There are 2 protein chains.
Amino acid sequence: MPRSQEPLSRQSQEHAQASLHKEQAQSRDSANERPRGRGPASGQPHSHPHPQEPGSAVPRARRAGKNGDGADRHDAIYHAISDAIIEHQLRPGARLREDALTEVFHVSRTGIRKILQRLALEQLVTLTPRRGASVTRPTESEARDVFAARQLVECGLMPEVADYMTADAARELKRMASDEREALRAGEHSRAIKLSAAFHERLAGLSGNATLAAFVRQLCSRSSLILAVYGTTGPLGCEAHDHDDLVDALERGEGNHARTLMHHHLKEIEASLSVVEETASAPDLHQIFGMVR
Amino acid sequence: MPRSQEPLSRQSQEHAQASLHKEQAQSRDSANERPRGRGPASGQPHSHPHPQEPGSAVPRARRAGKNGDGADRHDAIYHAISDAIIEHQLRPGARLREDALTEVFHVSRTGIRKILQRLALEQLVTLTPRRGASVTRPTESEARDVFAARQLVECGLMPEVADYMTADAARELKRMASDEREALRAGEHSRAIKLSAAFHERLAGLSGNATLAAFVRQLCSRSSLILAVYGTTGPLGCEAHDHDDLVDALERGEGNHARTLMHHHLKEIEASLSVVEETASAPDLHQIFGMVR
DNA sequence: CAGCCACGCCTTGTATACAAAAATCAGGCG
DNA sequence: CGCCTGATTTTTGTATACAAGGCGTGGCTG
């Protein structure tokens, strides 16, 4: 009964999702793991517009230099870490210590924590209760689930995408596919991986369904992680002309054909994974010892 | 300023860890919004009793008494808020002030913040940059997206579920359906809504795909929110025998039939939504003034 | 010589303090 | 009489301080 009325102007539905741009290369090089040494991480100031020395001896000196919020900065950091993981610059199992990130990005642990949590909810990092954050190492069943989900969702989206396809979008997609192929040929694995994920994400975005697009985005990120663990070095993910063929079919409005192509495409990626069984401890040890940086 | 640790913080902390079981039943109902007035409402003389025992309740039980962290406590709070939203005890647009939650759950703002962020990532609450958290009011396009996603995923999962269906699972699902019908008949809307969501979630869980199950869970939560805004009062969501028929088909292993049933079921729910347009300000005013609720 | 225990450091978890910004309320002026 | 402007208050954003837990190391003992 004491239900008071709302202030009536509460329709600001700003949804922070699907920000699919903003991919500038940034300082993502010095946040890798460190074999339990005492020495401070390589504190390269790099290119930060933040006039602060990493000595952290300034308790509250700078207050005015900030823009209205630190939200965009957090977003940039999030994207930096996320990209680094997706591009395999941070390998699965790599620890992400909070103060290391603090001193890399010049944001206090509070902000780092927030970002880490977000990454954890997207399954890109794993938060072990007292041990901190590390890049998740997907299990085999997770890998299976992720690819099954992609089959279901991405294939199911193709007819929709075919309806919404425009010449501009097709051109953009083809450019992405060609970029990816070029990166692959040039041996730039990181770039190729990211471009492949970006292609799939963009495709899902063209369906017009923001929710499913976000889900696909997440699935692609996790796929990249899966590739990092189970991927074979040779045919890196999406091969040759698959993406081009896909775009062609979509451009012609052949949704069903596109669905079939996507099905085979994903199947192919999944088949390229080396399902080496690592249930025993020996491979685990091998991986751990072989992976010290 | 090396301020010494107050006994307040000390007892608060121990209290948070020790009394895990005491007040999570009553803690869900008093976190509603408040007409932004000053003084009177917030001037509660903190009537909640602090049943803290400074006598070091369990300092030695490192595995049994308090598990690793307050993580489970956070989880409990998360579920409390989440359930309250899903059950429409917290309506869309309701503000979730941080210190209100703090004083309800006896956890400091840090923890509340973490939980709020998690809820925000699941789209159950909206975090407006300087205005805090509020239960999200789904837009019409969001509603469309969510239901399209459910169509795609839940229907696509049916064959899988039919394969994995066991007699036990079928029995459990039928019990849930019957409970839901009973709650509906008894007029307990909250319970019915939650049970309906639980049914769909359980169904998705039976597919064996954890990723997709989690996604469906999220979609169901959002659906509940959508129902709160656009739902008609009468035929509340899932009607009568739909769920039973679904389970029957699944039990018989008829995946395709189940898919069709699910398709119609979701279609029906979506069709029952009233898409009242509220673009202008006039309807807004009308709704607010006419809505003594 | 090997196993066990204790100590200590390192890292995270949590709370609190401080500051900025937004919204509301009050008052004055057009 | 309404609108605008100024101040207050509330509320979030951010950083820091403190406490606790785990892990490694080193010393002791059987």
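The structure presented is a predicted model; accordingly, all values stated were derived computationally and were not measured. A note on names: the letters A, B, ... follow the listed sequences, proteins ahead of strands, and every chain is numbered from 1.
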May I ask you to verify whether the side chain of A/Arg131 and the base of D/dG21 hold a donor-acceptor pair under 3.5 Å?
-> no

Whole angstrom value for the distance that separates P of D/dT14 from CD1 of A/Ile77 = 10 Å

Out of D/dT11, D/dA15, C/dG13, which nucleotide sits closest to the side chain of A/Arg113?
-> C/dG13

What integer distance in Å separates B/His106:NE2 from C/dT16:P?
-> 13 Å

To the nearest Å, how far apart are B/Leu127 CG and D/dT14 P?
-> 11 Å

State whether B/Arg130 places a side-chain N or O below 4.0 Å from either non-bridging phosphate oxygen (OP1 or OP2) of D/dG13.
-> no

For the pair made of CG in A/Leu116 and P in C/dT12, what is the distance, rounded to whole Å?
-> 9 Å

Closest nucleotide of DNA chain C for A/Gly132 versus for B/Thr110: which of these residues is on the 5' side?
-> A/Gly132

Round to the nearest Å and state the distance from A/Phe105 atom CZ to D/dA15 atom P.
-> 14 Å

A/Arg109 or B/Glu98: which one's nearest nucleotide on DNA chain D is closer to the 5' end?
-> B/Glu98

Under 4.0 Å between a side-chain N or O of A/Lys114 and OP1 or OP2 of D/dT14?
-> yes

Residue pair A/Thr211 / B/Arg222, side-chain donor-acceptor N/O under 3.5 Å | yes

Between B/Thr128 and B/Arg131, is there a donor-acceptor pair closer than 3.5 Å when you use the side chain of the first and the backbone of the second?
-> no

Nearest-Å distance, CD1 (A/Ile115) to P (D/dT14)?
-> 10 Å

Would you say the side chains of A/Arg97 and A/Thr102 form a donor-acceptor pair under 3.5 Å?
-> no

B/Ala143 versus B/Ile226, closest heavy-atom pair with distance | CA-CD1, 3.5 Å

Phosphate contact (C/dC10 OP1 or OP2) by A/Arg97 side-chain N/O below 4.0 Å = no

Output all residues satisfying salt bridge (Lys or Arg N to Asp or Glu O under 4.0 Å) with B/Glu201, sequence neighbours left out; order by chain, then residue number.
-> none

Given atom CZ of B/Arg73 and atom P of C/dG13, what is their separation to the nearest angstrom?
-> 18 Å

Check the distance between D/dA15's P and A/Ile112's CD1 and give it to me in whole angstrom.
-> 10 Å

Would you say a side-chain N or O of B/Ser108 is under 4.0 Å from OP1 or OP2 of C/dA15?
-> yes

